[in-house]
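Report on the following structure.
Values below: every heavy atom of this structure, side chains too, minus hydrogens, waters and symmetry copies.
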Amino acid sequence: MNVERMRQTLAMAKRVGAPSFASYALAKLLARVLPRGWSVPIYSDYSDGLLVARSRTSDLSVFWQIFICREYRCVDDLVDVDLVIDCGANVGYSAAYFLTRFPDCRLIAVEPDESNFETLNRNCDRFRGRYTALRTAVWPRKTGLRISEEESRNAGEWAYTVREVRPGEAAQMEGVDIESLLALSGRDRISILKMDVEGAEKWIFASDAERWLAKVDTLVIELHGPECREVFLRAISPFEFDLSTCDELTVARKRDVRG
């Protein structure tokens, strides 16, 4: 390790705390030597209790983003967070972060992949009663969906994409729209809408998004390419959102939302 890399590593360890960083380093070592898919325990000061990561998967890369880089620190200052909807919840690290940071909130997590979904429930089990997990994908309407194997094959467990079924195909899931998720929650508004849906935002924001955007206070999204960004910006333009960025994320806050 060169001097600059060592300096960056020490700075990151100081930022997140020695126990969290040491746990990550140990888990990374174990994940390299264990067979693929074995559960490795991992700890963060920003999660209430131990989490698990699967060896030889993208889990530790997601953990690094959420708990070491703390990419969702951009919403840490929000108060009175009631409902969080986590679209593209992966293995539940972002859900655990939100549920820990906002102890009075209710969360709905949406994840299409079966293995990711099982790991999500393991990582969020301690929050039972405060979260609902749905094995499906967010889509602009209720319709049959499948995981797109041709696009997801080499992308890793953190980048599964979905598509509508083709004629004669069986659906793996029925897509769920944002309005249905809000209705399921029993709430009137979404405090935080987190979206990391691997390009599906192009379709979600292109189809009558104004119906539910009016009910979103803060939106945190990873946009996948210029076309997705253009569709997103066009959809939110009628609303009074203040835009900012945080690492790879675009953050849109209603102007009357304060930390």
Side-chain angles (χ1 to χ4, degrees), residues 58 61-62 65-66 71-72 74-75 84-91 94-95 108-113 116-117 134-167 169 171-184 190 192-254:
S58 59
S61 295
V62 180
Q65 287 184 335
I66 293 174
E71 65 178 359
Y72 291 106
C74 50
V75 297
V84 179
I85 296 182
D86 187 343
C87 306
N90 194 252
V91 294
S94 53
I108 298 176
V110 182
E111 169 56 40
D113 177 69
N116 287 349
F117 184 78
L134 303 175
R135 192 192 157 205
T136 183
V138 175
W139 205 248
R141 58 193 167 275
K142 294 181 179 180
T143 189
L145 300 175
R146 292 185 64 86
I147 291 177
S148 179
E149 294 181 0
E150 57 268 30
E151 294 184 30
S152 303
R153 186 174 297 113
N154 298 316
E157 297 79 7
W158 60 353
Y160 288 116
T161 63
V162 297
R163 59 171 175 80
E164 292 191 10
V165 293
R166 296 164 183 155
E169 281 186 324
Q172 294 175 319
M173 66 201 78
E174 183 180 58
V176 62
D177 59 86
I178 300 294
E179 284 187 298
S180 295
L181 294 173
L182 182 57
L184 175 65
I190 303 169
I192 300 173
L193 177 61
K194 172 258 180 177
M195 193 173 290
D196 187 358
V197 290
E198 303 306 322
E201 65 268 22
K202 177 174 63 176
W203 313 111
I204 294 167
F205 286 94
S207 180
D208 298 324
E210 66 275 2
R211 296 198 313 266
W212 50 266
L213 273 170
K215 302 173 184 177
V216 177
D217 295 329
T218 298
L219 201 159
V220 186
I221 184 169
E222 182 172 343
L223 295 167
H224 298 82
E227 186 177 359
C228 291
R229 177 172 294 277
E230 181 181 348
V231 171
F232 169 74
L233 292 176
R234 186 185 309 122
I236 68 169
S237 62
F239 303 94
E240 293 187 336
F241 282 107
D242 288 327
L243 290 177
S244 60
T245 59
C246 184
D247 298 339
E248 296 180 343
L249 304 177
T250 297
V251 184
R253 291 197 191 198
K254 286 283 177 64

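- Rounded to the nearest 0.5 Å, atoms CZ (Arg141) and CH2 (Trp203) are 9.0 Å apart.
- Here the CD-CZ distance, from Glu169 to Arg163, works out to 4.0 Å after rounding to the nearest 0.5 Å.
- Salt bridge Asp217/Lys254: absent, no basic N to carboxylate O contact under 4.0 Å.
- Distance check: Asn90 CG to Asn116 CG gives 4.5 Å after rounding to the nearest 0.5 Å.
- For the pair Leu213 and Leu219, the minimum side-chain heavy-atom distance is below 4.5 Å.
- The minimum heavy-atom distance between Glu164 and Trp139, with the atom names listed, is OE2-NE1, 2.8 Å.
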request  = List the steps and the verdict of side chain to side chain contact (heavy atoms under 4.5 Å, CB included) for Cys87 and Ile178.
outcome  = CA-CA 9 Å; Cys87 306; Ile178 300 294; 4.0 Å; yes
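- Between Ile221 and Phe205, the closest side-chain pair of non-hydrogen atoms falls below 4.5 Å.
- Proximity of a side-chain donor or acceptor of Glu201 to a complementary backbone N or O of Gly199 within less than 3.5 Å is detected.
- From Lys202, atom NZ reaches atom CD of Glu230 across 11.0 Å, with rounding to the nearest 0.5 Å.
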ask   = Can you check side chain to side chain contact (heavy atoms under 4.5 Å, CB included) on Met195 and Ile204, steps first, answer last?
value = CA-CA 10 Å; Met195 193 173 290; Ile204 294 167; 4.2 Å; yes
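- Using a 4.5 Å heavy-atom threshold, the side chains of Trp212 and Asp177 count as separate.
- Between Gly175 and Thr136, the shortest heavy-atom contact is CA-OG1, 3.8 Å.
- Lys194 and Glu71 are not joined by a salt bridge, as no carboxylate oxygen comes within less than 4.0 angstrom of a charged side-chain nitrogen.
- Atom-to-atom distance recorded for Leu134:CG and Glu174:CD is 11.5 Å, nearest 0.5 angstrom.
- Around CD of Glu210, the count of heavy atoms belonging to other residues, nucleotides or ligands within 6.0 Å exceeds 12.
- With values rounded to the nearest 0.5 angstrom, Phe241 atom CZ is found 11.5 Å from Leu233 atom CG.
- Heavy-atom minimum distance, Pro112 versus Ile147: O-CD1, 4.1 Å.
- Taking all atoms of both residues into account, the shortest heavy-atom contact from Leu223 to Cys228 is CD2-O, 4.1 Å.
- In the displayed structure, Arg146 atom CZ is contacted under 6.0 Å by more than 12 heavy atoms of other residues, nucleotides or ligands.
- Closest approach of Ala95 and Asp86 over heavy atoms only: N-OD2, 3.4 Å.
- Of all heavy-atom pairs between Leu243 and Ala252, the closest is CD2-CB, 3.6 Å.
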task = I would like to know whether Thr218 and Arg253 meet side chain to side chain contact (heavy atoms under 4.5 Å, CB included); could you show each step before the answer?
result = CA-CA 4 Å; Thr218 298; Arg253 291 197 191 198; 3.9 Å; yes
request  = Run the numbers on Ile85 and Val138 for side chain to side chain contact (heavy atoms under 4.5 Å, CB included), then give the verdict.
outcome  = CA-CA 11 Å; Ile85 296 182; Val138 175; 5.9 Å; no
